[in-house]
Amino acid sequence: MSDRPARWSQATVYPDMWTDPDDDPRNGEGVSPDGELPTLQDFLTDYRLTLRMKCEGLDAEQLARRPVPPSTMSLLGLVRHLAEVERDWLNWISDGEPKPKLYGKRDADFDGAVADQAVVEAAYADLAREQAATDAALAEHPDLGKRLGKDGIAVRELMVHRIEEYARHCGHADLLRECVDGRVGQ
């Protein structure tokens, strides 16, 4: 008997997809956005939504499960990590004193991802708050070439880096979710 869950998908039209195209909230109607900034924002929005979709329907124990030892990575850890990273990005573009880490020492975002519903709710609240703060700060700088913060990072570079970070971790989330309950798909 294997502990590996059977692979499955909710999709009925294309069984290799996460959900049917008509039910996918990432599929927008019409043409893609015009311009570089709206395109970058659209990709970021879709990756953020993908991460949430990969976590949907799981309880606190499943979200905190670390199914690929010796890694400490879990879906809940990814949510907490991305909240921490959003705070870091805000610090990059700020001229003031950096905000302290959300979860303390290095790797606390993953180490503190425990199977407790209060921790899950706090992680989602932290992520939403930190995303909104970074988004609001960047909204003040629509010129992608503008350099911000003490190190002069370009808005474009930060936007691309944010997309890259979410995309990479959505790949991790694909594998983690499959290990937790067998659900697969794009």
Side-chain angles (χ1 to χ4, degrees), residues 9-11 13-14 16-58 62-63 73-94 99 102-103 109-110 113 119-149 153-178 180 183-186:
S9 171
Q10 262 184 259
V13 177
Y14 302 104
D16 63 328
M17 296 180 81
W18 184 258
T19 189
D20 288 326
D22 289 343
D23 299 327
D24 193 336
R26 299 168 297 180
N27 291 345
E29 295 294 324
V31 297
S32 60
D34 286 330
E36 185 178 5
L37 180 57
T39 299
L40 293 171
Q41 291 168 328
D42 192 52
F43 271 87
L44 181 60
T45 297
D46 282 353
Y47 278 119
R48 285 175 168 175
L49 188 51
T50 298
L51 178 70
R52 289 194 70 99
M53 290 170 69
K54 294 295 177 172
C55 296
E56 282 177 355
L58 299 177
Q62 291 171 309
L63 287 167
M73 195 176 293
S74 66
L75 289 164
L76 179 57
L78 287 177
V79 172
R80 289 168 49 98
H81 172 71
L82 287 164
E84 191 78 76
V85 170
E86 288 280 357
R87 177 168 282 202
D88 283 346
W89 288 325
L90 186 57
N91 284 335
W92 291 2
I93 62 175
S94 171
K99 290 181 173 188
L102 282 173
Y103 305 113
D109 41 3
F110 289 102
V119 173
V120 171
E121 291 168 12
Y124 281 119
D126 291 343
L127 182 60
R129 182 188 64 247
E130 298 303 323
Q131 287 172 337
T134 305
D135 290 348
L138 285 172
E140 296 176 19
H141 307 285
D143 176 359
L144 291 171
K146 182 166 178 126
R147 297 196 169 270
L148 304 172
I153 187 169
V155 173
R156 177 182 291 104
E157 182 180 353
L158 183 59
M159 289 297 295
V160 170
H161 188 68
R162 291 170 87 195
I163 293 165
E164 178 272 334
E165 184 88 8
Y166 278 91
R168 182 165 39 95
H169 290 313
C170 281
H172 294 134
D174 285 341
L175 297 172
L176 291 169
R177 179 63 188 253
E178 185 174 351
V180 168
R183 187 160 180 197
V184 297
Q186 92 292 2

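In what follows, residues are counted from 1 in the order of the sequence shown.
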Salt bridge (Lys or Arg N to Asp or Glu O under 4.0 Å) filter on E121, not counting sequence neighbours, yields none

Among all residues two or more places apart in sequence or in another chain, which pass the side chain to side chain contact (heavy atoms under 4.5 Å, CB included) test with S94?
none

Just checking F43: does its CZ atom have more than 12 heavy atoms from other residues, nucleotides or ligands closer to it than 6.0 angstrom?
no

Residues at least two apart in sequence or cross-chain that pass side-chain hydrogen bond (donor to acceptor under 3.5 Å, both in side chains) with E157, listed by chain then number, are none

Carefully, step by step, assess L102 and R129 under the rule side-chain contact (heavy atoms from CB on, under 4.5 Å).
CA-CA 11 Å; L102 282 173; R129 182 188 64 247; 3.4 Å; yes

Contact summary for A11 and T19, nearest pair of heavy atoms:
CB-C, 3.8 Å

State which residues pass side chain to side chain contact (heavy atoms under 4.5 Å, CB included) with C170; sequence neighbours excluded, sorted by chain then number.
Y47, T50, L51

Taken to the nearest 0.5 Å, the spacing of K54 NZ from D174 CG works out to 3.5 Å

Sequence neighbours left out, what pairs pass side-chain hydrogen bond (donor to acceptor under 3.5 Å, both in side chains) with at least one residue falling in residues 75-87?
R48-E86, H81-D109, H81-E165, H81-H169, E86-T134, E86-R162, E86-Y166, R87-E130

To the nearest 0.5 Å, what is the distance between CG (L175) and CG (L75)?
10.5 Å

Name the one of L127, V120, L63 that satisfies side-chain contact (heavy atoms from CB on, under 4.5 Å) with V79?
L127

Tell me, please, which residues at least two apart from D42 pass side chain to side chain contact (heavy atoms under 4.5 Å, CB included).
P33, D46

Restricting to side-chain hydrogen bond (donor to acceptor under 3.5 Å, both in side chains), what partner residues turn up for S9, sequence neighbours left out?
none

Just to verify, what does Y103 make a side-chain hydrogen bond (donor to acceptor under 3.5 Å, both in side chains) with, not counting sequence neighbours?
D126

For R156, give me all partners under side-chain hydrogen bond (donor to acceptor under 3.5 Å, both in side chains), at least two apart in sequence or on another chain.
E36

From R177 CZ over to W18 CH2, what is the distance, rounded to the nearest 0.5 angstrom?
4.0 Å

Under the ring pair (Phe, Tyr, Trp, His ring centres under 6.0 Å) rule, collect the residues that match up with H141, sequence neighbours excluded.
none

Closest approach of R147 and A154, non-hydrogen atoms and distance?
NH1-N, 3.6 Å

In short, G77 meets A113 closest at the heavy-atom pair N-CB, 3.6 Å

Could you check whether atom CG of D143 has more than 12 heavy atoms from other residues, nucleotides or ligands sitting under 6.0 Å from it?
yes

Distance, nearest 0.5 Å, that separates CG of L158 from CD1 of I163
10.0 Å

Does some side-chain heavy atom of L144 sit less than 4.5 Å from a side-chain heavy atom of L40?
yes

Whether N91 side chain and K99 backbone form a donor-acceptor pair below 3.5 Å
yes

Atom pair CG (L58) and CG (L76), whose distance is rounded to the nearest 0.5 Å
10.5 Å

Calculate, to the nearest 0.5 Å, the distance between atoms CD and CG belonging to Q10 and D20 respectively.
8.5 Å

